[in-house]
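Okay, so here's the structure we're looking at.
All chains are named by letter (A, B, ...) in the order of the sequence lines, taking the proteins before the strands, and each is independently numbered beginning at 1.
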Protein chains: 2
Amino acid sequence: MGRIEYKNNDRFLLAVDCIIFGFDGSGIKALLVKRALEPEAGKWSLMGGFAQQNESIDDAAARILLNLTGLDKIYMEQLYCFGDLDRDPGGRVVSIAYFALIKIDASDNDKLEEHQAKWIDLKKLPPLVFDHKKMIKLAKERLQQKVSNHPVGFELLPHKFTLQQLQALYEAIFERSFDKRNFTRKILSLGILQRLDEKEKTSSKKGAFFYVFDKKKYKQLESEGIQMI
Amino acid sequence: MGRIEYKNNDRFLLAVDCIIFGFDGSGIKALLVKRALEPEAGKWSLMGGFAQQNESIDDAAARILLNLTGLDKIYMEQLYCFGDLDRDPGGRVVSIAYFALIKIDASDNDKLEEHQAKWIDLKKLPPLVFDHKKMIKLAKERLQQKVSNHPVGFELLPHKFTLQQLQALYEAIFERSFDKRNFTRKILSLGILQRLDEKEKTSSKKGAFFYVFDKKKYKQLESEGIQMI
DNA sequence: AAAATTAAGTGTATTATCAACATTTAATAT
DNA sequence: ATATTAAATGTTGATAATACACTTAATTTT
């Protein structure tokens with residue numbers, strides 16, 4: 001019984017690779033590191049690591065994210081399992097990719113430096129090791145899909161944000177522009193934003209109101225399904 | 001170089017489990033087997049098996065499907081990687097679930113009997129081993145999502161089908177009814193169905209025209225995105 | 001104090017899509 | 001010739017999506 005079964009089956013190295021997205025006000029960025037291990041050491045790579053026997057795969061992903069950024073309780077979602085034979089020239093490694101959304105300035109800069117990590121705009125990606133480019137491409141598509149139906153975009157913004165920041169985020173994610181009037185009306189009509197009595201004044205004389213995402217109101221609406229955009 | 005890296009990392013058993021969907025004209029069915037291995041041998045289970053070192057994970061899924069049904073070149077899609085610590089009481093096994101869509105009467109009956117496999121309506125699922133119920137639930141949600149935007153429903157129908165069969169399929173997938181007039185108009189307006197000069201006559205005196213999915217027309221439209229329903 | 005500047009904030013008209021609803025038609029059976 | 005059966009089809013109203021430009025609030029300059 002128990003751990004004695006399945007003795008004669010092949011065993012695999014399981015990597016977990018994290019596509020970590022951030023937003024700096026203009027473009028969507030991915031957090032990339034200089035790969036520490038051979039093969040391909042020193043080249044640009046997603047942050048990754050091997051799963052361990054004593055942790056779930058989700059926990060492994062959270063551990064690897066924490067290790068790089070110092071952050072926990074981060075929005076994270078499994079993306080896909082990459083299982084091609086020759087995807088890693090260092091050996092047969094099956095990789096489970098996760099994507100995470102973080103506030104770009106929340107991470108621990110010392111840790112980032114330790115791993116030689118940099119935020120790099122999705123439109124200016126350098127060559128990446130293995131199949132990591134494919135992973136980022138898929139993650140971007142999934143982010144578009146996710147952000148259409150779920151209020152996860154706020155994970156990429158400061159706690160307080162203006163409508164123009166929110167619109168800039170959506171425009172960056174979808175690589176297209178939206179009409180300001182239509183966008184504002186649509187978003188506000190969802191009833192999940194709360195306006196503060198406080199304005200952002202650096203970018204205009206009039207100032208733009210700050211908003212916060214109202215999680216409680218969202219929870220009430222969640223079951224019906226919500227169309228963000 | 002090559003296979004000498006990564007020596008000291010944990011290795012995992014990788015299972016592949018297949019959610020195989022079929023449609024019998026009224027309900028969506030899953031192909032379930034009586035589990036052959038301990039633990040939980042003899043209980044209802046998804047068809048599964050262990051991945052091998054010499055095959056990609058996609059290939060492993062195709063092999064397992066072929067093994068049960070005798071079918072290849074089947075619509076198949078990776079669903080999710082299930083990696084919880086205790087999901088399999090027989091040991092630490094990470095499972096990658098795939099879902100497949102097949103024509104219910106196309107599979108090899110001898111093979112099905114070999115594995116004591118049965119088509120079971122999603123609404124009448126028996127208790128299943130491990131986390132297989134969760135897998136089916138997720139697969140059903142993914143099927144709904146997939147079939148909304150992609151013309152994969154046809155994989156579940158005979159080559160020639162009537163509009164009422166197609167509607168019955170969508171009603172089974174979404175567990176709701178559609179207005180016949182609206183449904184017909186919407187589907188035909190996509191321009192991806194070709195009407196044959198042939199009628200299905202068993203269920204009415206007038207007879208209902210057969211249609212086939214026109215893959216060529218679809219390919220032309222694919223890039224724009226298509227809203228099936 | 002008045003005028004100019006800047007980006008924020010807002011309304012309307014048009015079009016397209018979705019949803020609700022019942023009658024006519026083709027083929028066979030009586 | 002009539003009855004039967006399910007298939008095929010059209011219209012209307014409601015809602016959502018799109019396109020488009022002026023007014024307003026606050027500060028800066030004259």
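- In this structure, A/L193 places its CG atom 13 Å from P of C/dG9, rounding to the nearest Å.
- For an aromatic pair to be called close, the ring centres must be under 6.0 Å apart, and B/F209 with B/Y211 fails this.
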Review item, side-chain donor-acceptor pairs of residues 15-31 of chain A, under 3.5 Å, at least two apart:
unit_1, atom_1, unit_2, atom_2, d
A/D17, OD2, A/S95, OG, 2.6
A/D24, OD1, A/S26, N, 2.9
A/D24, OD1, A/S26, OG, 3.3
A/D24, OD1, A/G27, N, 2.9
A/D24, OD2, A/K29, NZ, 3.1

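- Between B/I187 atom CD1 and D/dT9 atom C1' the separation is 16 Å, expressed in whole Å.
- Within residues 158-167 of chain B, the residues that place at least one heavy atom under 4.0 Å from DNA chain D are, in residue-number order, B/Q164.
- Rounded to an integer number of Å, the gap from CZ of B/F209 to C1' of C/dA27 is 11 Å.
- Counting atom types as modelled, B/R185 pairs a side-chain N or O with a base atom of D/dG10 as donor and acceptor under 3.5 Å.
- Partner B/F213 forms a side-chain contact (heavy atoms from CB on, under 4.5 Å) with one of B/L166, B/I192, B/V152, B/L157 and no other, that one being B/I192.
- Between A/K201 and D/dT27 there is a side-chain polar atom (N or O) within less than 4.0 angstrom of OP1 or OP2.
- Using a 30° and 60° split on the angle between ring planes, B/Y80 and B/F82 fall in the perpendicular class, above 60°.
- Closest-nucleotide positions on DNA chain C for B/R181 and A/S203 were compared, and the one nearer the 5' end corresponds to A/S203.
- Rounding to whole angstrom units, CG of residue B/N182 and P of D/dA8 are separated by 16 Å.
- In terms of position on DNA chain D, the residue among A/K199 and A/I229 whose nearest nucleotide sits closer to the 5' end is A/I229.
- Residues B/Y170 and B/F183 place their aromatic rings such that the two centres sit under 6.0 Å apart.
- For B/L188 and D/dG10, the CG to C1' distance is 14 Å, given to the nearest whole Å.
- In this model, no side-chain donor or acceptor of A/K206 finds a partner on the base of C/dG9 within 3.5 Å.
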When the side chains of residues 111-118 of chain A are checked against the rest of the protein, which donor-acceptor pairs come out under 3.5 Å, sequence neighbours left out?
unit_1, atom_1, unit_2, atom_2, d
A/H115, ND1, A/K111, O, 3.1

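- Closest contact between the side chain of A/K180 and the listed nucleotides C/dT10, C/dA20, D/dA8 involves C/dT10.
- Toward the 5′ end of DNA chain D lies the nearest nucleotide of B/K205, the other residue of the pair A/G207 and B/K205 mapping further downstream.
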